[in-house]
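Just below is one structure, and these are the notes that go with it.
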Amino acid sequence: MQRDTLVFDLIRQELERQRRGIELIASENFTSLQVMQAMGNVMTNKYAEGYPGRRYYGGCEIVDQTEQLAIDRLCQIFNVEYANVQPHSGAQANAALMLAILQPGDAILGLDLSMGGHLTHGSAVNFSGKLYKPHFYGVGKEDGLVDYDMLEAKAREVKPKLIICGASAYSRDWDYARIRRVADEVGAFVMADIAHPAGLIAKGLLNYPFDHCHFVTSTTHKTLRGPRGGVIMMKKDFENPFGLKDVKGNLRMMSNLIDMAVFPGTQGGPLEHVIAAKAIAFGEILTPEFQSYQEQVQKNAQAMAAAFTSRGYQIISGGTDNHLMLIDLRNKNISGKKAEQVLGHADITANKNMVPYDDKSAFVTSGVRFGVAAITTRGMVEKDMEFVVNAIDRSLMQADDAAALAGIKKEVNEFMSQFALYPEMG
Ligand SMILES: Cc1ncc(COP(=O)(O)O)c(C=O)c1O
């Protein structure tokens, strides 16, 4: 069969785009070469419905070993007893977890999407908002911090079955112990969705959610720097505190209920090639190099936040504890939508984002979100944040000057040529 040059040419173009630009989308990263290579392997040919040692297909002896390795390594990283590595994505992990513990119509309580939450935490356009009855807490108008008083008051008022913490655009750490206290008071489960800060949590740079949250879900492709995918974890609470039953009416361990909610509940065959790549990424996370990487991520984020602040930009909550920051552009007279477009002209990739109490729609927005996980993987350190923020600032201040933007783009491309990306790919 002839090689499909049309598609391979596009893949090549995407590699060049990633190489020459500054990647600031907070949910993105660059995997190692071995993680990338593992995703294109023969395990994609294999059906393996079920779990290691208990599959519905023959020939699973080898994929059993990679999946078990991924599970064991993930448990070691986070010091937990249970992990399911099959969810195809973060959204799938959340869907499965909710299927395991909720009934349609049950109340759930999550951070409002417009305040930094995620679609799967109860948005009306998502399964979570359609199947369950969503309620929300927010952040303070003045300080931009999660309003725990509001969270507690809402929890007492609506008595949710599940309280969700975690976010897509929140730059501060979480008080998991406080959330668990109110959950115990109202009889709710707590789930932490650590999709964004998982890498920092893995290396002890942020609070540890597992002692307080019944369940923890994550993506594997953001700060964990693995292949695109999701996971579900649990440290304790195996005892099924609310006496949940399976479809046959049997009392089960929580771990069984979660496994069954992933498969057969929400997915068919697991992506064993991606699970192999997850196992490799988890092995990388266990190395000392990954500790230094995460420390650098945190330092870079703080250096970037300081550079923005010194130029008069308003960072929601005034700074960052993790890898990202959300900037309110209203005092700079440019919308998030326009900022995203303008930065694109300079080969700087970021995304528009609503800010808390935004007066613009989700399509326009007043904010922009920046994350440093990807540029830190490229090898940038604190001093490089000056160049990056300077390029962003000059682009936004000359938003309608095509020649100026073309000039900045040239500088950006030249700057990025010193940070190799997949040199082995030619
Ligand atoms: C907090 C949070 N949860 C879940 C997800 C969903 O992950 P995925 O895009 O892999 O479905 C995201 C993605 O950005 C996220 O930020």
Side-chain angles (χ1 to χ4, degrees), residues 23-29 31 35 39 74 84-99 108-123 125-129 132 134 136-139 146 162-174 176 179 190-202 206-207 209 213 215-233 261-262 266-267 270-271 274-275 277-278 281 316 320-326 349-354 362 367-374:
E23 181 53 73
L24 296 176
I25 293 179
S27 45
E28 295 192 11
N29 209 331
T31 71
V35 166
M39 276 182 279
L74 187 61
N84 188 310
V85 298
Q86 290 193 2
H88 301 331
S89 74
Q92 292 285 94
N94 289 347
L97 196 271
M98 290 185 210
L99 182 76
I108 60 174
L109 177 61
L111 179 63
D112 199 306
L113 181 64
S114 69
M115 306 255 181
H118 188 256
L119 285 164
T120 54
H121 300 181
S123 163
V125 295
N126 183 261
F127 76 89
S128 55
Y132 311 112
F136 300 99
Y137 55 92
V139 300
V146 163
L162 173 66
I163 301 177
I164 304 165
C165 45
S168 294
Y170 184 63
S171 60
R172 296 303 186 176
D173 207 349
W174 289 78
Y176 301 111
I179 296 172
V190 181
M191 167 190 134
D193 178 347
I194 61 168
H196 268 272
L200 292 116
I201 293 169
L206 290 172
N207 290 337
C213 303
F215 317 107
V216 176
T217 60
S218 184
T219 55
T220 47
H221 46 274
K222 300 183 172 81
T223 50
L224 288 181
R225 209 162 68 180
R228 192 161 288 281
V231 292
I232 304 175
M233 295 169 278
V262 175
T266 47
Q267 294 187 175
L271 310 176
V274 177
I275 290 173
K278 285 176 178 171
I316 302 296
T320 179
D321 298 327
N322 56 28
H323 63 299
L324 66 79
M325 65 212 68
L326 180 59
T349 316
N351 65 287
K352 63 177 179 284
N353 212 104
M354 287 185 92
V368 64
R369 185 184 67 158
F370 295 117
V372 300

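As the structure lists them, so they are numbered: ligands from 1, and atoms in each ligand from 1.
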Atoms in ligand 1 flagged as close to [X], the criterion being non-hydrogen separation under 4.0 Å:
X	result
His221	10 (O)
His196	16 (O)
Ala195	1 (C), 2 (C), 3 (N), 15 (C)

Among all protein heavy atoms, pick out the one at the shortest distance from [atom]; state its residue, atom name and that distance to 0.1 Å.
atom	result
atom 7 (O) of ligand 1	Thr219 CG2, 3.2 Å
atom 10 (O) of ligand 1	Gly90 N, 2.9 Å
atom 3 (N) of ligand 1	Asp193 OD2, 2.6 Å
atom 16 (O) of ligand 1	Ser168 OG, 2.7 Å

Looking only at distances, please establish whether an N/O atom of ligand 1 is found under 3.5 Å from an N/O atom of [X].
X	result
Lys222	yes
Ala91	yes
His121	no

* Where does the angle between the aromatic ring planes of His196 and His323 fall among parallel (under 30°), tilted (30 to 60°) and perpendicular (over 60°)? ->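 It falls in the parallel class, under 30°.
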
* State whether a side-chain donor-acceptor pair under 3.5 Å links Asp193 with His121. =>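 On atom types as modelled, these side chains qualify, holding a pair under 3.5 Å.
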
* Are Val35 and His221 side-chain neighbours, meaning at least one heavy-atom pair lies under 4.5 Å? ->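 Not in contact.
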
* Does Arg228 approach ligand 1 within less than 4.0 angstrom via side chain, backbone, both or neither, non-hydrogen atoms only? ->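 Under 4.0 Å from ligand 1, Arg228 contributes no heavy atoms.
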
* To do: Between Gln92 and ligand 1, find which residue part has any heavy-atom pair under 4.0 Å and reply side chain, backbone, both or neither.
  =>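 Near ligand 1, Gln92 shows nothing, with every heavy atom at 4.0 Å or more.
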
* Considering only heavy atoms, which of Ala93, Pro87, Ala167 lies nearest to atom 1 (C) of ligand 1? ->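 Selected option, by shortest heavy-atom distance: Ala167.
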
